[in-house]
Number of protein chains: 2
Amino acid sequence: MSGKTAKADIQSPILGTYMLDDQVGYLLRLAGQRHAAIFQAHTVQGLTPTQFSTLVRLAENGPCSQNQLGRLAAMDIATIKGVVDRLRQRGFVRTAPSADDRRRHIVSLTDEGARALDRMIPAGRVITEETLAPLKPPERRNLIKLLRKLG
Amino acid sequence: MSGKTAKADIQSPILGTYMLDDQVGYLLRLAGQRHAAIFQAHTVQGLTPTQFSTLVRLAENGPCSQNQLGRLAAMDIATIKGVVDRLRQRGFVRTAPSADDRRRHIVSLTDEGARALDRMIPAGRVITEETLAPLKPPERRNLIKLLRKLG
DNA sequence: GGAAATTCATTTGTACGCAAATGGTATGAA
DNA sequence: TTCATACCATTTGCGTACAAATGAATTTCC
């Protein structure tokens with residue numbers, strides 16, 4: 001038998017050397033959980049991360065169709081629909097039929113949405129800062145670089 | 001006006017210097033999306049990432065209560081309940097009332113669950129490998145290290 | 001022993017996140 | 001022109017993910 005336990009013990013034979021705590025997928029989920037909690041603690045008007053991303057993309061890009069907005073914000077068409085619906089219910093965006101293309105619903109930022117985004121940007125900086133707090137500045141830059149490569 | 005557009009243009013004044021594409025939270029979501037797609041392409045028996053994590057923890061730890069299993073696999077009590085329910089419906093785990101504590105439902109791996117896990121482990125290695133494919137080996141180790149610090 | 005605080009499990013409500021199916025609209029090639 | 005193809009939006013179904021409320025059982029502390 002090895003020492004007092006655990007550390008170097010062989011796990012259940014079924015697992016062999018598979019270490020869940022070292023798998024990217026698992027670690028990405030944990031990091032995402034922590035970020036989500038920090039986001040929620042600092043958010044304005046109850047905006048969620050995806051709602052915030054959507055507003056940012058809308059401000060960057062200007063009005064666009066729902067599908068395109070989904071692509072800009074990296075969301076599935078079913079997901080972006082729900083996000084846009086909720087943003088519209090809250091008065092942060094509005095939708096209007098496109099003159100050019102009768103399939104399209106053009107989504108645009110309302111004044112209220114712009115004001116909410118305006119107040120949310122500083123919070124976003126704080127959220128990023130707090131999420132990266134466990135890392136030193138060079139490590140932070142490195143993590144961002146690696147995650148971008150992974151995207 | 002600058003060049004043909006976009007690249008170096010100043011964004012909407014409301015955004016200032018806020019770059020969504022550089023924010024950890026956004027990048028974590030993108031990386032998680034990519035990993036989820038790779039997972040789904042290689043999974044066995046339709047196991048999801050959380051279901052797989054749950055089975056791994058159960059094999060590592062042995063039978064335990066639903067709440068504790070949730071803590072081991074980093075899931076909310078409401079989330080782990082749904083995961084356990086679905087795993088039980090598929091016959092991968094079973095639950096039994098605890099003799100010691102009448103509040104507890106002890107969750108344990110079935111033979112079928114063990115077999116599924118057995119076939120899933122190699123797939124898990126492939127999934128991790130493919131997810132990390134854009135990175136060189138030292139970068140991979142670095143990313144894992146940084147994500148663990150962030151957890 | 002008994003009240004207070006914990007813990008366990010469930011349920012409800014909200015919000016992603018994606019697959020797949022449907023139907024309307026637009027476009028390009030035969 | 002018309003027909004195949006592509007694109008847009010919606011809907012349904014399943015699976016996380018967490019907050020908050022509930023009720024039952026256990027533990028702790030006085």
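Residue numbering restarts at 1 for every chain, and letters A, B, ... go by the order of the sequence lines.
At a cut-off of 3.5 angstrom, counting only N and O atoms as typed in the model, there is a donor on one side and an acceptor on the other between the side-chain of A/Arg103 and the base of D/dC7. At a cut-off of 3.5 angstrom, the base of C/dT25 holds no donor-acceptor pair with the side chain of A/Arg102.
Atom pair B/Phe52:CZ and D/dG15:P shows a separation of 18 Å (rounding to whole Å applied). One interatomic measurement links the two molecules: CG of B/Asp85 to P of C/dT11, which rounds to 8 Å at whole-angstrom precision. At whole-Å resolution of the value, CE in B/Met75 and C1' in C/dC16 are 17 Å apart. When rounded to the nearest whole Å, the span between CD1 of B/Ile77 and P of C/dG13 equals 17 Å. Remark: P of C/dT25 and NE2 of A/His105 are 10 Å apart, rounded to the nearest angstrom. The distance between atom CG of B/Asp101 and atom C1' of C/dT7, rounded to the nearest whole Å, is 8 Å. Nucleotide D/dA9 holds its C1' atom 13 Å from the CG atom of A/Leu69, rounded to whole Å. Atoms NZ (A/Lys81) and C1' (C/dT22) sit 14 Å apart, rounded to a whole Å.
Nearest-nucleotide assignment on DNA chain C puts the 5′-proximal partner with A/Val83, out of B/Gln40 and A/Val83. Summary of the strand contacts: A/Ala37 and B/Thr50 both lie near DNA chain D, and taking for each the nucleotide with the nearest heavy atom, the more 5' one is attributed to B/Thr50. Toward the 5′ end of DNA chain C lies the nearest nucleotide of B/Ile106, the other residue of the pair B/Ile106 and A/Arg86 mapping further downstream.
A sub-4.0 Å separation between OP1 or OP2 of D/dA17 and a side-chain N or O of A/Arg29 is present. Contact annotation: A/Thr48 reaches the phosphate of C/dC16 (side-chain N/O to OP1 or OP2, under 4.0 Å). For D/dT16, the OP1/OP2 oxygens have a side-chain nitrogen or oxygen of B/Gln51 closer than 4.0 Å. Considering only side-chain N and O atoms, B/Gln33 lies under 4.0 angstrom from the phosphate OP1 or OP2 of C/dC18. Contact annotation: B/Gln66 side-chain N/O to C/dT10 OP1/OP2 distance is under 4.0 Å. OP1 or OP2 of C/dA9 lies within a sub-4.0 Å distance of a side-chain N or O belonging to B/Ser65. For B/Asn67 and C/dT7, the shortest distance from a side-chain N or O to OP1 or OP2 is not below 4.0 Å. Residue B/Arg90 places at least one side-chain N or O closer than 4.0 Å to OP1 or OP2 of D/dG15. Remark: A/Thr79 is not in phosphate contact with C/dC16, judged by side-chain N or O atoms under 4.0 Å from OP1 or OP2. Between A/Gln68 and the phosphate of D/dC8, there is no side-chain N or O to OP1/OP2 separation shorter than 4.0 Å. In this model, the phosphate group of C/dC8 is approached by a side-chain N or O of B/Arg71 to a distance below 4.0 Å at OP1 or OP2.
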Check against side chain to side chain contact (heavy atoms under 4.5 Å, CB included), B/Phe52 and B/Val44: CA-CA 10 Å; B/Phe52 176 53; B/Val44 168; over 6 Å; no
Chi angles and distances behind the side chain to side chain contact (heavy atoms under 4.5 Å, CB included) call for A/Gln45, A/Arg90: CA-CA 10 Å; A/Gln45 309 252 121; A/Arg90 299 188 190 191; 5.6 Å; no
Stepwise side chain to side chain contact (heavy atoms under 4.5 Å, CB included) test for A/Cys64 and A/Ile106: CA-CA 5 Å; A/Cys64 61; A/Ile106 302 300; 5.9 Å; no
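Note: B/Arg57 CZ to B/Leu72 CG = 6.5 Å, rounded to the nearest 0.5 Å. To the nearest 0.5 Å, atoms CD (A/Glu139) and CZ (A/Arg141) are separated by 10.5 Å.
In terms of heavy-atom proximity, B/Tyr18 sits nearest to A/Arg125 at N-NH2, 3.7 Å.
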